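Scroll down for the structure; my scribbles are underneath it.
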Amino acid sequence: METKGKSNESDIFQQILDRSTSLIYISDRHTHEMLYANKPARQLNGGGDEDYSGRKCYEYIRGEKCPCSWCFLDRVKPGELYQEKRYFPKSDTYNQISGEYITWHGRDAFVQYVDDITRTQKLQNNLQESRRMYRLAVEGAELGVWKYDIAANTVTCPAIYCARYPLPAEFENVPESVLGYFVPEDRPKVREMFEEINAGRQTVTKELWLNMGPGIPLICCKVTFSTVTDDDGKPVKAYGVSQNITAQKAESRKYERSLGELLALNPQAL
């Protein structure tokens with residue numbers, strides 16, 4: 001009767017494992033012999049209910065002829081749930097693998113819980129790649145986002161500009177505090193830009209030349225501010241996106257100069 005009771009308990013336990021969405025493999029931790037595979041694992045491996053019997057875990061799970069080179073059994077500590085994420089180039093899949101030591105019908109065993117996370121991981125990889133491309137594009141074009149707090153009369157400087165140029169993280173008392181960073185002929189345009197924002201103009205765009213100090217070449221930036229208003233339509237903040245267009249300006253000037261020289265030599269050239 002005791003044997004039958006234990007068998008019934010084992011059958012119930014296996015039924016519970018069969019209902020899991022994870023692939024569950026149980027193997028002898030010393031010999032690697034497969035002791036059990038739940039229903040989703042058996043279906044994936046295309047075998048019957050006892051197809052795993054007598055086979056090695058590395059052969060049954062991975063189709064390998066010898067233990068996996070990355071086998072983590074020796075790294076697992078008693079009482080510890082081991083976890084790792086692994087990529088398999090042959091199938092181009094990602095698995096989340098976790099496991100622990102257990103006793104299975106009196107034998108020292110190891111249970112593995114395997115979940116296919118390929119779709120999620122590839123989405124994450126694509127997102128990370130997009131972030132890298134975005135960061136490179138931002139750094140290459142020197143794109144920066146400026147925040148103008150109208151009530152506080154302050155402007156927050158983008159981190160990329162603070163890192164590259166001698167600029168403070170925040171300007172107070174604008175526009176007076178920022179005028180010295182622009183060439184004299186553009187300072188009226190700077191004042192005009194803030195006046196238009198303060199007046200509630202929705203979008204303000206300017207091309208301005210910055211002078212960061214001795215030894216630093218002049219920089220031309222195109223900045224576009226978008227104004228945010230409160231419920232009463234009063235402007236409260238403005239966010240500006242700036243781009244370094246110095247190279248484009250240099251090419252434009254070179255073209256205009258070349259065209260002017262050509263027309264001076266031959267007025268009919270156009």
Side-chain angles (χ1 to χ4, degrees), residues 127-264 267 270:
L127 179 59
Q128 291 175 359
E129 181 65 20
S130 296
R131 285 175 176 171
R132 282 194 292 269
M133 294 174 65
Y134 170 76
R135 185 173 62 251
L136 290 173
V138 167
E139 292 177 353
E142 286 193 21
L143 292 174
V145 178
W146 305 75
K147 177 183 174 182
Y148 174 35
D149 188 321
I150 297 175
N153 204 27
T154 61
V155 168
T156 303
C157 181
I160 186 173
Y161 280 81
C162 293
R164 294 189 179 186
Y165 307 112
L167 293 172
E170 184 177 83
F171 291 94
E172 298 179 350
N173 189 32
V174 292
E176 302 302 325
S177 60
V178 301
L179 292 178
Y181 291 92
F182 295 90
V183 296
E185 54 268 35
D186 278 356
R187 291 172 188 173
K189 292 167 63 177
V190 176
R191 289 185 183 276
E192 182 182 48
M193 178 177 67
F194 284 101
E195 288 172 358
E196 291 176 354
I197 295 172
N198 294 340
R201 186 168 177 178
Q202 188 173 5
T203 303
V204 180
T205 301
K206 302 288 183 184
E207 290 184 3
L208 303 165
W209 283 89
L210 291 89
N211 183 359
M212 297 296 183
I216 301 177
L218 294 179
I219 302 167
C220 186
C221 279
K222 181 177 181 179
V223 57
T224 299
F225 271 95
S226 297
T227 305
V228 178
T229 59
D230 59 17
D231 294 338
D232 297 324
K234 181 181 178 181
V236 290
K237 284 182 174 60
Y239 296 92
V241 177
S242 64
Q243 180 182 6
N244 187 335
I245 60 170
T246 309
Q248 293 94 313
K249 280 292 183 181
E251 288 299 320
S252 177
R253 288 182 174 181
K254 180 179 178 182
Y255 169 77
E256 291 173 357
R257 183 169 59 252
S258 298
L259 181 60
E261 293 174 353
L262 177 61
L263 293 176
L270 190 57

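Predicted, not measured: the structure shown is a model, and the values here were computed from it.
- Judged by distance alone, the side chain of Thr246 and the main-chain N or O of Ile219 form no donor-acceptor pair under 3.5 Å.
- For the atom pair CD1 (Ile150) and CZ (Phe194), the distance works out to 10.0 Å, reported to the nearest 0.5 Å.
- In this structure, the side chain of Asp186 engages the main chain of Trp209 through a donor-acceptor pair within 3.5 Å.
- Note that CD of Glu196 and NZ of Lys189 are 11.5 Å apart. Values are rounded to the nearest 0.5 Å.
- In this structure, Cys162 and Cys157 approach most closely via the heavy-atom pair SG-SG, 3.5 Å.
- The shortest side-chain heavy-atom distance between Leu167 and Met212 falls under the 4.5 Å cut-off.
- A salt bridge does not link Arg187 to Glu176: none of the charged nitrogens lies less than 4.0 Å from a carboxylate oxygen.
- Note: Tyr181 and Phe171 have perpendicular aromatic rings, judged against thresholds of 30 and 60 degrees for the angle between ring planes.
- To the nearest 0.5 Å, atom CE of residue Met193 and atom OG1 of residue Thr205 are 10.0 Å apart.
- No side-chain heavy atom of Gln202 sits less than 4.5 Å from a side-chain heavy atom of Thr229.
- Within the 4.5 Å cutoff, the side chain of Pro235 has no heavy atoms near those of the Ile197 side chain.
- Remark: Glu195 CD to Arg201 CZ distance equals 12.0 Å, nearest 0.5 Å.
- More than 12 heavy atoms of other residues, nucleotides or ligands shown are found within 6.0 angstrom of NZ on Lys206.
- The aromatic rings of Trp146 and Tyr161 sit tilted relative to each other, their planes meeting at an angle between 30° and 60°.
- Listed for the Asn153 side chain is a donor-acceptor partner under 3.5 Å among the backbone atoms of Val174.
- In terms of modelled atom types and a separation under 3.5 Å, the side chain of Ser177 and the main chain of Glu172 share a donor-acceptor contact.
- Between Pro175 and Val190, the closest heavy-atom pair is CB-CG1, 4.5 Å.
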Q: Output, in order, the C-alpha distance, side-chain angles, deciding distance and verdict of side chain to side chain donor-acceptor pair (under 3.5 Å) for Asn198 and Tyr148.
A: CA-CA 10 Å; Asn198 294 340; Tyr148 174 35; 2.9 Å; yes
